[in-house]
Amino acid sequence: MYSSAYVWAKILIYLEERMTSTVVSSTFDDAEVIELNDEHLILYSPSDFRREVIRRRYAVIIEDALKETFNSNAKLIVFGDDELNAYKSKSKVTTSMDFNPQFTFDNFVVGPSNRFAHSACIAVTNVPGQVYNPLFLYGPPGVGKTHLLYAIANGIRKQNPGANIVYIKGDQFTNELIDAIKNGKNIEFRNKYREADLFLVDDIQFIAGKESTQEEFFHTFNKLYEEHKQIVLTSDRKPSDMLTLEDRLKSRFEWGLTADINPPDYETRMAILKNKAKQLGLALDDDVCNYIAINVTNNVRQIEGTVKKILAYRDLNNMPLDLPNISRAIDDMFKKEGSAVPTPSLIISQVCKFYSVDETVLRGTLKNKGTTEARQMAIYLIRKLTNLSLPDIGKEFNRDHSTVLYAIRKVEMALKNGDTNMQNNVRDITANINSCL
(Lines give C-alpha, C1' and ligand atoms only; values in the text may rest on other atoms or scores of the structure.)
Protein backbone atom coordinates (compact mmCIF):
# COMPACT_ATOMS: atom_id res chain seq x y z
CA MET A 1 0.00 0.00 0.00
CA TYR A 2 1.17 3.52 -0.85
CA SER A 3 1.12 6.44 1.56
CA SER A 4 -1.53 9.11 0.99
CA ALA A 5 1.22 11.70 0.37
CA TYR A 6 2.70 9.55 -2.41
CA VAL A 7 -0.70 8.95 -4.00
CA TRP A 8 -1.55 12.65 -3.97
CA ALA A 9 1.83 13.57 -5.46
CA LYS A 10 1.24 11.12 -8.34
CA ILE A 11 -2.25 12.53 -8.89
CA LEU A 12 -0.86 16.07 -9.15
CA ILE A 13 1.64 14.87 -11.77
CA TYR A 14 -1.22 13.22 -13.64
CA LEU A 15 -3.18 16.50 -13.57
CA GLU A 16 -0.20 18.58 -14.75
CA GLU A 17 0.16 16.32 -17.77
CA ARG A 18 -3.40 17.22 -18.80
CA MET A 19 -3.54 20.92 -17.90
CA THR A 20 -1.07 23.68 -17.11
CA SER A 21 0.91 23.65 -13.91
CA THR A 22 -0.46 27.13 -13.17
CA VAL A 23 -4.02 25.82 -13.15
CA VAL A 24 -3.07 22.90 -10.92
CA SER A 25 -1.18 25.14 -8.51
CA SER A 26 -3.92 27.78 -8.29
CA THR A 27 -6.58 25.13 -7.65
CA PHE A 28 -4.86 22.63 -5.40
CA ASP A 29 -2.03 24.44 -3.59
CA ASP A 30 -3.97 24.54 -0.29
CA ALA A 31 -5.62 21.14 -0.71
CA GLU A 32 -4.73 18.50 1.88
CA VAL A 33 -5.34 14.77 1.89
CA ILE A 34 -7.30 13.82 5.02
CA GLU A 35 -7.84 10.14 4.35
CA LEU A 36 -7.36 7.58 1.61
CA ASN A 37 -8.99 4.16 1.77
CA ASP A 38 -10.51 1.61 -0.59
CA GLU A 39 -13.71 3.64 -0.96
CA HIS A 40 -12.79 7.32 -0.71
CA LEU A 41 -10.10 9.93 -1.22
CA ILE A 42 -10.95 12.75 1.17
CA LEU A 43 -9.47 16.19 0.42
CA TYR A 44 -9.71 19.32 2.51
CA SER A 45 -9.68 22.83 1.03
CA PRO A 46 -10.35 25.95 3.14
CA SER A 47 -11.62 27.97 0.14
CA ASP A 48 -15.33 27.76 -0.70
CA PHE A 49 -14.61 28.72 -4.32
CA ARG A 50 -11.82 26.18 -4.83
CA ARG A 51 -13.84 23.39 -3.21
CA GLU A 52 -16.65 23.98 -5.66
CA VAL A 53 -14.24 24.08 -8.62
CA ILE A 54 -12.62 20.80 -7.54
CA ARG A 55 -16.01 19.11 -7.10
CA ARG A 56 -17.48 20.26 -10.42
CA ARG A 57 -14.47 20.27 -12.75
CA TYR A 58 -11.87 17.89 -11.41
CA ALA A 59 -13.60 15.11 -9.46
CA VAL A 60 -13.85 12.85 -12.51
CA ILE A 61 -10.25 13.37 -13.63
CA ILE A 62 -8.92 12.73 -10.09
CA GLU A 63 -10.94 9.52 -9.90
CA ASP A 64 -9.57 8.57 -13.34
CA ALA A 65 -6.04 9.17 -12.01
CA LEU A 66 -6.71 6.85 -9.09
CA LYS A 67 -8.03 4.20 -11.45
CA GLU A 68 -5.27 4.41 -14.05
CA THR A 69 -2.33 4.89 -11.70
CA PHE A 70 -3.31 2.75 -8.72
CA ASN A 71 -6.18 0.60 -10.00
CA SER A 72 -8.37 2.14 -7.30
CA ASN A 73 -12.11 2.77 -7.52
CA ALA A 74 -12.06 5.30 -4.68
CA LYS A 75 -14.40 8.28 -5.06
CA LEU A 76 -13.43 11.88 -4.30
CA ILE A 77 -14.89 13.73 -1.32
CA VAL A 78 -13.95 17.36 -0.64
CA PHE A 79 -14.25 18.74 2.89
CA GLY A 80 -14.61 22.29 4.09
CA ASP A 81 -14.05 23.45 7.67
CA ASP A 82 -17.39 22.17 8.99
CA GLU A 83 -17.00 18.72 7.44
CA LEU A 84 -13.40 18.48 8.64
CA ASN A 85 -14.33 19.37 12.23
CA ALA A 86 -17.16 16.84 12.20
CA TYR A 87 -14.82 14.21 10.78
CA LYS A 88 -12.19 14.86 13.47
CA SER A 89 -14.80 14.70 16.23
CA LYS A 90 -16.18 11.42 14.91
CA SER A 91 -12.66 10.03 14.51
CA LYS A 92 -11.79 10.85 18.10
CA VAL A 93 -14.97 9.23 19.40
CA THR A 94 -14.44 6.02 17.47
CA THR A 95 -10.75 5.62 18.36
CA SER A 96 -10.97 6.71 22.00
CA MET A 97 -11.15 3.96 24.58
CA ASP A 98 -12.81 3.52 27.93
CA PHE A 99 -10.50 2.78 30.84
CA ASN A 100 -11.43 1.27 34.18
CA PRO A 101 -12.26 4.34 36.32
CA GLN A 102 -10.90 2.58 39.42
CA PHE A 103 -7.37 2.78 38.00
CA THR A 104 -6.41 6.28 39.13
CA PHE A 105 -3.45 7.86 40.84
CA ASP A 106 -5.53 8.34 44.00
CA ASN A 107 -5.97 4.61 44.62
CA PHE A 108 -2.45 3.60 43.55
CA VAL A 109 -0.52 2.67 46.69
CA VAL A 110 2.86 4.40 46.55
CA GLY A 111 6.00 2.99 48.16
CA PRO A 112 9.77 3.02 47.64
CA SER A 113 9.50 0.43 44.85
CA ASN A 114 7.26 2.57 42.62
CA ARG A 115 7.46 6.17 43.83
CA PHE A 116 9.72 7.36 41.02
CA ALA A 117 7.54 5.79 38.31
CA HIS A 118 4.39 7.15 39.95
CA SER A 119 5.79 10.70 40.02
CA ALA A 120 6.88 10.44 36.38
CA CYS A 121 3.38 9.32 35.34
CA ILE A 122 1.79 12.29 37.13
CA ALA A 123 4.23 14.61 35.37
CA VAL A 124 3.34 13.37 31.86
CA THR A 125 -0.36 13.55 32.73
CA ASN A 126 -0.07 17.20 33.72
CA VAL A 127 1.90 18.23 30.61
CA PRO A 128 1.59 15.44 28.01
CA GLY A 129 4.22 15.46 25.29
CA GLN A 130 6.31 18.11 27.01
CA VAL A 131 8.38 16.17 29.55
CA TYR A 132 9.59 12.56 29.66
CA ASN A 133 8.57 11.59 26.14
CA PRO A 134 8.56 8.68 25.77
CA LEU A 135 8.00 7.41 29.30
CA PHE A 136 9.19 3.81 29.56
CA LEU A 137 8.02 1.80 32.58
CA TYR A 138 9.53 -1.61 33.21
CA GLY A 139 9.28 -4.28 35.87
CA PRO A 140 7.98 -7.80 36.50
CA PRO A 141 4.28 -8.65 35.99
CA GLY A 142 1.77 -7.59 38.59
CA VAL A 143 3.59 -4.58 40.04
CA GLY A 144 1.19 -1.91 38.74
CA LYS A 145 2.45 -0.91 35.29
CA THR A 146 -0.98 -1.25 33.64
CA HIS A 147 -2.63 0.53 36.58
CA LEU A 148 -0.35 3.52 35.93
CA LEU A 149 -1.07 3.42 32.18
CA TYR A 150 -4.79 3.57 32.86
CA ALA A 151 -4.29 6.28 35.48
CA ILE A 152 -2.52 8.42 32.87
CA ALA A 153 -5.37 7.80 30.40
CA ASN A 154 -8.05 8.66 32.97
CA GLY A 155 -6.15 11.76 34.08
CA ILE A 156 -5.71 13.12 30.56
CA ARG A 157 -9.31 12.23 29.66
CA LYS A 158 -10.48 14.28 32.65
CA GLN A 159 -8.41 17.28 31.55
CA ASN A 160 -9.26 16.91 27.86
CA PRO A 161 -12.39 14.83 27.16
CA GLY A 162 -11.78 15.05 23.40
CA ALA A 163 -8.26 13.60 23.52
CA ASN A 164 -7.67 10.70 21.15
CA ILE A 165 -6.26 8.05 23.49
CA VAL A 166 -5.06 4.79 21.95
CA TYR A 167 -4.06 1.75 24.02
CA ILE A 168 -2.64 -1.48 22.60
CA LYS A 169 -0.62 -4.48 23.73
CA GLY A 170 2.59 -5.29 21.87
CA ASP A 171 1.36 -8.63 20.50
CA GLN A 172 -1.98 -7.09 19.47
CA PHE A 173 -0.11 -4.41 17.49
CA THR A 174 1.58 -7.21 15.53
CA ASN A 175 -1.69 -9.06 14.95
CA GLU A 176 -3.48 -5.91 13.75
CA LEU A 177 -0.60 -5.16 11.38
CA ILE A 178 -0.82 -8.67 9.91
CA ASP A 179 -4.58 -8.28 9.40
CA ALA A 180 -4.10 -4.83 7.83
CA ILE A 181 -1.56 -6.17 5.32
CA LYS A 182 -3.74 -9.18 4.54
CA ASN A 183 -6.88 -7.08 3.98
CA GLY A 184 -5.25 -4.05 2.33
CA LYS A 185 -6.06 -1.77 5.29
CA ASN A 186 -2.60 -0.33 5.88
CA ILE A 187 -3.76 3.28 5.71
CA GLU A 188 -6.55 2.76 8.24
CA PHE A 189 -4.12 0.93 10.52
CA ARG A 190 -1.60 3.78 10.36
CA ASN A 191 -4.22 6.48 10.85
CA LYS A 192 -5.50 4.72 13.97
CA TYR A 193 -2.14 4.96 15.72
CA ARG A 194 -0.45 7.93 14.09
CA GLU A 195 -3.32 10.30 14.88
CA ALA A 196 -3.25 9.53 18.62
CA ASP A 197 -2.85 12.32 21.17
CA LEU A 198 -1.80 9.77 23.78
CA PHE A 199 -0.27 6.44 22.71
CA LEU A 200 -0.10 3.74 25.37
CA VAL A 201 1.61 0.42 24.64
CA ASP A 202 1.58 -2.41 27.18
CA ASP A 203 4.15 -5.23 26.96
CA ILE A 204 6.17 -3.61 24.19
CA GLN A 205 8.72 -6.44 24.50
CA PHE A 206 6.51 -8.59 22.27
CA ILE A 207 7.44 -6.60 19.14
CA ALA A 208 11.12 -7.57 19.55
CA GLY A 209 12.35 -9.90 16.81
CA LYS A 210 9.48 -9.05 14.45
CA GLU A 211 10.99 -7.13 11.54
CA SER A 212 7.82 -5.73 9.89
CA THR A 213 6.26 -4.82 13.24
CA GLN A 214 9.37 -2.96 14.35
CA GLU A 215 9.52 -1.09 11.04
CA GLU A 216 5.89 0.03 11.37
CA PHE A 217 6.30 0.93 15.02
CA PHE A 218 9.46 2.92 14.25
CA HIS A 219 7.58 5.21 11.83
CA THR A 220 4.56 5.49 14.14
CA PHE A 221 6.84 6.45 17.03
CA ASN A 222 8.68 9.06 14.94
CA LYS A 223 5.49 10.76 13.75
CA LEU A 224 3.97 10.99 17.22
CA TYR A 225 7.24 12.12 18.79
CA GLU A 226 7.80 14.84 16.19
CA GLU A 227 4.27 16.14 16.83
CA HIS A 228 4.88 16.16 20.61
CA LYS A 229 2.25 13.53 21.29
CA GLN A 230 2.77 11.65 24.54
CA ILE A 231 4.04 8.06 24.27
CA VAL A 232 4.07 5.70 27.27
CA LEU A 233 5.45 2.17 27.01
CA THR A 234 5.63 -0.70 29.49
CA SER A 235 7.78 -3.80 29.44
CA ASP A 236 9.00 -6.58 31.71
CA ARG A 237 12.58 -5.48 31.02
CA LYS A 238 14.50 -2.34 30.13
CA PRO A 239 15.21 -1.56 26.45
CA SER A 240 18.86 -2.62 26.57
CA ASP A 241 17.81 -6.09 27.76
CA MET A 242 15.57 -6.68 24.72
CA LEU A 243 18.17 -8.58 22.75
CA THR A 244 16.19 -8.90 19.50
CA LEU A 245 14.91 -5.31 19.52
CA GLU A 246 16.40 -3.10 16.80
CA ASP A 247 19.02 -0.64 18.05
CA ARG A 248 17.17 2.34 16.56
CA LEU A 249 14.11 1.47 18.67
CA LYS A 250 16.19 0.85 21.78
CA SER A 251 17.69 4.32 21.47
CA ARG A 252 14.28 5.94 20.94
CA PHE A 253 12.76 4.16 23.92
CA GLU A 254 15.54 5.71 26.02
CA TRP A 255 15.11 9.24 24.64
CA GLY A 256 12.76 10.28 27.39
CA LEU A 257 12.73 8.64 30.82
CA THR A 258 12.95 5.00 31.86
CA ALA A 259 11.53 4.14 35.28
CA ASP A 260 11.64 0.74 36.93
CA ILE A 261 8.96 -0.69 39.22
CA ASN A 262 9.98 -3.42 41.63
CA PRO A 263 7.90 -5.79 43.75
CA PRO A 264 6.51 -3.92 46.76
CA ASP A 265 8.37 -4.01 50.07
CA TYR A 266 6.73 -5.16 53.33
CA GLU A 267 5.27 -1.77 54.29
CA THR A 268 3.83 -1.23 50.82
CA ARG A 269 2.35 -4.74 50.82
CA MET A 270 0.65 -3.99 54.14
CA ALA A 271 -0.78 -0.74 52.74
CA ILE A 272 -2.02 -2.49 49.58
CA LEU A 273 -3.66 -5.23 51.67
CA LYS A 274 -5.52 -2.80 53.88
CA ASN A 275 -6.54 -0.65 50.93
CA LYS A 276 -7.90 -3.61 48.96
CA ALA A 277 -9.64 -5.09 52.00
CA LYS A 278 -11.35 -1.77 52.67
CA GLN A 279 -12.56 -1.58 49.04
CA LEU A 280 -14.11 -5.06 49.39
CA GLY A 281 -15.64 -4.41 52.81
CA LEU A 282 -13.28 -6.70 54.73
CA ALA A 283 -11.97 -5.97 58.21
CA LEU A 284 -8.63 -7.75 58.62
CA ASP A 285 -6.70 -7.72 61.88
CA ASP A 286 -3.08 -6.59 61.85
CA ASP A 287 -1.81 -10.09 62.59
CA VAL A 288 -3.68 -11.40 59.54
CA CYS A 289 -2.30 -8.61 57.32
CA ASN A 290 1.19 -9.26 58.71
CA TYR A 291 0.90 -12.99 57.93
CA ILE A 292 -0.16 -12.29 54.34
CA ALA A 293 2.42 -9.53 53.77
CA ILE A 294 5.24 -11.78 54.95
CA ASN A 295 4.22 -14.71 52.76
CA VAL A 296 2.84 -13.05 49.61
CA THR A 297 5.82 -11.20 48.19
CA ASN A 298 5.71 -11.55 44.41
CA ASN A 299 3.45 -8.77 43.19
CA VAL A 300 0.39 -6.61 43.72
CA ARG A 301 -1.80 -8.89 41.62
CA GLN A 302 -1.15 -11.85 43.92
CA ILE A 303 -1.92 -9.71 46.97
CA GLU A 304 -5.25 -8.64 45.48
CA GLY A 305 -6.02 -12.25 44.55
CA THR A 306 -5.34 -13.31 48.13
CA VAL A 307 -7.78 -10.73 49.52
CA LYS A 308 -10.47 -11.82 47.05
CA LYS A 309 -9.99 -15.46 48.04
CA ILE A 310 -10.41 -14.53 51.70
CA LEU A 311 -13.65 -12.74 50.83
CA ALA A 312 -14.95 -15.78 48.93
CA TYR A 313 -13.89 -18.14 51.74
CA ARG A 314 -15.72 -16.03 54.30
CA ASP A 315 -18.92 -15.80 52.24
CA LEU A 316 -18.98 -19.48 51.32
CA ASN A 317 -17.99 -20.89 54.71
CA ASN A 318 -19.33 -18.21 57.06
CA MET A 319 -16.10 -18.32 59.04
CA PRO A 320 -14.50 -15.70 61.29
CA LEU A 321 -11.50 -13.95 59.74
CA ASP A 322 -8.95 -15.00 62.35
CA LEU A 323 -5.38 -16.07 61.65
CA PRO A 324 -5.88 -19.89 61.82
CA ASN A 325 -8.77 -19.75 59.33
CA ILE A 326 -6.97 -17.33 57.03
CA SER A 327 -3.80 -19.45 56.98
CA ARG A 328 -5.79 -22.57 56.02
CA ALA A 329 -7.63 -20.66 53.31
CA ILE A 330 -4.63 -19.19 51.52
CA ASP A 331 -1.61 -21.41 52.21
CA ASP A 332 -1.89 -22.92 48.73
CA MET A 333 -1.30 -19.47 47.21
CA PHE A 334 2.20 -19.11 48.64
CA LYS A 335 4.61 -19.88 45.83
CA LYS A 336 7.75 -21.61 47.03
CA GLU A 337 10.94 -20.32 45.43
CA GLY A 338 11.81 -22.34 42.32
CA SER A 339 8.68 -24.50 42.56
CA ALA A 340 6.78 -23.02 39.63
CA VAL A 341 6.91 -25.08 36.44
CA PRO A 342 5.31 -23.71 33.27
CA THR A 343 2.61 -25.77 31.59
CA PRO A 344 2.94 -26.83 27.95
CA SER A 345 -0.03 -24.58 27.16
CA LEU A 346 1.73 -21.55 28.63
CA ILE A 347 4.92 -22.30 26.69
CA ILE A 348 3.01 -22.79 23.44
CA SER A 349 1.02 -19.58 23.92
CA GLN A 350 4.18 -17.53 24.53
CA VAL A 351 5.93 -19.06 21.51
CA CYS A 352 2.86 -18.25 19.38
CA LYS A 353 2.90 -14.66 20.63
CA PHE A 354 6.60 -14.29 19.88
CA TYR A 355 6.37 -15.70 16.34
CA SER A 356 2.86 -14.32 15.61
CA VAL A 357 1.58 -17.80 14.81
CA ASP A 358 -1.91 -19.04 15.60
CA GLU A 359 -1.91 -21.85 18.17
CA THR A 360 -4.02 -24.16 15.97
CA VAL A 361 -1.49 -23.70 13.17
CA LEU A 362 1.43 -24.45 15.50
CA ARG A 363 -0.22 -27.68 16.63
CA GLY A 364 -1.19 -28.53 13.05
CA THR A 365 0.65 -29.85 10.00
CA LEU A 366 1.61 -26.63 8.15
CA LYS A 367 5.32 -26.67 7.25
CA ASN A 368 6.53 -23.25 6.13
CA LYS A 369 9.77 -21.84 7.53
CA GLY A 370 8.29 -19.58 10.20
CA THR A 371 5.78 -22.12 11.50
CA THR A 372 8.33 -24.94 11.55
CA GLU A 373 10.83 -22.87 13.55
CA ALA A 374 8.12 -21.83 16.02
CA ARG A 375 6.97 -25.45 16.45
CA GLN A 376 10.53 -26.67 17.00
CA MET A 377 11.09 -23.87 19.52
CA ALA A 378 7.95 -24.83 21.44
CA ILE A 379 8.97 -28.50 21.54
CA TYR A 380 12.50 -27.62 22.68
CA LEU A 381 11.28 -25.31 25.46
CA ILE A 382 8.70 -27.82 26.73
CA ARG A 383 11.48 -30.39 26.97
CA LYS A 384 13.80 -27.90 28.67
CA LEU A 385 11.35 -26.31 31.11
CA THR A 386 9.05 -29.22 32.05
CA ASN A 387 9.36 -32.86 33.05
CA LEU A 388 7.30 -34.19 30.14
CA SER A 389 8.57 -37.28 28.30
CA LEU A 390 9.11 -37.25 24.53
CA PRO A 391 5.85 -39.19 23.86
CA ASP A 392 3.90 -36.79 26.11
CA ILE A 393 5.36 -33.78 24.28
CA GLY A 394 4.43 -35.46 21.00
CA LYS A 395 0.79 -35.68 22.12
CA GLU A 396 0.69 -31.88 22.42
CA PHE A 397 1.45 -31.65 18.68
CA ASN A 398 -0.05 -34.96 17.41
CA ARG A 399 3.43 -36.22 16.54
CA ASP A 400 5.51 -39.24 17.48
CA HIS A 401 8.52 -39.12 19.79
CA SER A 402 11.02 -39.34 16.89
CA THR A 403 9.69 -36.10 15.40
CA VAL A 404 9.92 -34.48 18.82
CA LEU A 405 13.51 -35.66 19.21
CA TYR A 406 14.41 -34.26 15.77
CA ALA A 407 12.95 -30.84 16.69
CA ILE A 408 14.88 -30.74 19.97
CA ARG A 409 18.15 -31.67 18.29
CA LYS A 410 17.55 -29.09 15.56
CA VAL A 411 17.35 -26.26 18.11
CA GLU A 412 20.21 -27.65 20.20
CA MET A 413 22.44 -27.85 17.13
CA ALA A 414 21.68 -24.22 16.23
CA LEU A 415 22.52 -23.13 19.78
CA LYS A 416 25.71 -25.21 19.81
CA ASN A 417 26.82 -23.68 16.48
CA GLY A 418 26.48 -20.17 17.88
CA ASP A 419 23.30 -19.13 16.05
CA THR A 420 22.89 -15.71 17.70
CA ASN A 421 19.33 -15.24 16.51
CA MET A 422 18.28 -18.60 17.95
CA GLN A 423 20.08 -17.88 21.23
CA ASN A 424 18.33 -14.53 21.57
CA ASN A 425 14.94 -16.05 20.74
CA VAL A 426 15.34 -18.78 23.36
CA ARG A 427 16.38 -16.19 25.95
CA ASP A 428 13.54 -13.78 25.18
CA ILE A 429 10.79 -16.41 25.04
CA THR A 430 12.04 -18.01 28.26
CA ALA A 431 11.93 -14.60 29.95
CA ASN A 432 8.36 -14.09 28.71
CA ILE A 433 7.35 -17.49 30.09
CA ASN A 434 8.98 -16.87 33.47
CA SER A 435 7.28 -13.49 33.75
CA CYS A 436 3.90 -15.27 33.61
CA LEU A 437 4.64 -17.60 36.53
4.5 Å side-chain heavy-atom contact, [X] and [Y]:
X    : Y    : result
S113 : P263 : no
V143 : N114 : no
L200 : L198 : yes
R56  : E52  : yes
V411 : L381 : no
C121 : L149 : no
L148 : F105 : yes

**Asked** Quick one: does NZ or CZ of K210 land under 6.0 Å from the six-membered ring centre of F354, within 45 degrees of the ring axis?
**Response** yes
**Message:** Check for me whether R248 meets the cation-pi criterion with F218, that is, NZ or CZ under 6.0 Å from the six-membered ring centre and within 45 degrees of the ring axis.
**Reply:**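 Yes.
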**Message:** Once side-chain contact (heavy atoms from CB on, under 4.5 Å) is applied, do any residues pair with L257, and if so which ones, sequence neighbours excluded?
**Reply:**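 Per chain and number, L257 pairs via side-chain contact (heavy atoms from CB on, under 4.5 Å) with F116, A120, Y132, L135.
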**Message:** Aromatic contact between F108 and F103, with the criterion being ring centroids under 6.0 Å apart: yes or no?
**Reply:** no
**Request:** Verify whether the ring centers belonging to Y44 and F79 lie closer than 6.0 Å.
**Result:**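 Aromatic pair excluded; centres sit 6.0 Å or further apart.
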Carboxylate-amine/guanidinium proximity below 4.0 Å for [X] and [Y]:
X    : Y    : result
K192 : E176 : yes
E63  : K67  : no
R237 : D428 : yes
E396 : R363 : yes

**Asked** Passes side chain to side chain contact (heavy atoms under 4.5 Å, CB included), I11 versus T69? Steps please.
**Response** CA-CA 8 Å; I11 289 174; T69 309; over 6 Å; no
Return the [atom1] to [atom2] distance between [X] and [Y], rounded to the nearest 0.5 Å.
X    : Y    : atom1 : atom2 : result
N164 : N160 : CG    : CG    : 10.0 Å
T244 : I429 : OG1   : CD1   : 8.5 Å
T220 : K229 : OG1   : NZ    : 14.5 Å

Locate the shortest heavy-atom distance separating [X] from [Y]; write the atom from each residue and the value.
X    : Y    : result
I231 : N133 : N-OD1, 2.9 Å
N107 : N275 : O-ND2, 3.9 Å
E359 : I348 : CG-CG2, 3.7 Å
Q376 : A407 : CG-CB, 3.8 Å
V24  : M19  : CG2-CG, 3.6 Å
S235 : I204 : CB-CG2, 3.8 Å

Short question: side chain of [X], backbone of [Y] - any donor-acceptor pair under 3.5 Å?
X    : Y    : result
Q214 : E246 : yes
H40  : I77  : no
N126 : I122 : yes
D419 : N421 : yes

**Message:** As a quick check of understanding, evaluate salt bridge (charged side-chain N to carboxylate O under 4.0 Å, His left out) for E254 and K250, giving each step before the final call.
**Reply:** CA-CA 6 Å; E254 294 172 339; K250 287 182 185 180; over 6 Å; no
**Request:** Carefully, step by step, assess F217 and Y193 under the rule ring pair (Phe, Tyr, Trp, His ring centres under 6.0 Å).
**Result:** CA-CA 9 Å; F217 195 89; Y193 295 107; 8.8 Å; no
**Request:** Please state whether the rings of F199 and F173 are parallel, tilted or perpendicular, taking 30° and 60° as the class boundaries.
**Result:** tilted
**Request:** Look at the rings of F221 and F253 and say which category their plane angle falls in: under 30° parallel, 30 to 60° tilted, over 60° perpendicular.
**Result:** tilted
Check this for me: [X], atom [atom1], are more than 12 non-hydrogen atoms of other residues, nucleotides or ligands nearer than 6.0 Å?
X    : atom1 : value
R55  : CZ    : yes
H219 : NE2   : yes
K238 : NZ    : no
K410 : NZ    : no

**Asked** So among E226, E216, E227, which one has a salt bridge (Lys or Arg N to Asp or Glu O under 4.0 Å) with R194?
**Response** E216
**Prompt:** By side chain to side chain donor-acceptor pair (under 3.5 Å), which residues pair with E68, not counting sequence neighbours?
**Reply:**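 Testing E68 for side chain to side chain donor-acceptor pair (under 3.5 Å), a comparison that skips the adjacent residues, returns Y14.
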Examine the side chains of [X] and [Y] and answer whether a donor and an acceptor come within less than 3.5 Å of each other.
X    : Y    : result
T268 : D265 : yes
Y138 : Q205 : no
Q350 : N432 : no
D358 : T360 : yes
T234 : D202 : yes

**Message:** Please determine whether side chain to side chain contact (heavy atoms under 4.5 Å, CB included) holds for the pair L41 and I62, giving the CA-CA distance in whole Å, both sets of side-chain angles, and the decisive distance to 0.1 Å.
**Reply:** CA-CA 9 Å; L41 167 63; I62 289 173; 3.9 Å; yes
**Item:** Derivation and outcome, side chain to side chain contact (heavy atoms under 4.5 Å, CB included), residues V201 and Y167
**Value:** CA-CA 6 Å; V201 186; Y167 168 90; over 6 Å; no
**Request:** Before giving the answer on side chain to side chain contact (heavy atoms under 4.5 Å, CB included), spell out for V33 and I42 the whole-Å C-alpha distance, their side-chain angles and the decisive distance to 0.1 Å.
**Result:** CA-CA 6 Å; V33 177; I42 302 177; over 6 Å; no
**Asked** Going through the distances and angles, do E195 and K223 end up as a salt bridge (charged side-chain N to carboxylate O under 4.0 Å, His left out)?
**Response** CA-CA 9 Å; E195 299 304 322; K223 182 177 186 298; 3.6 Å; yes
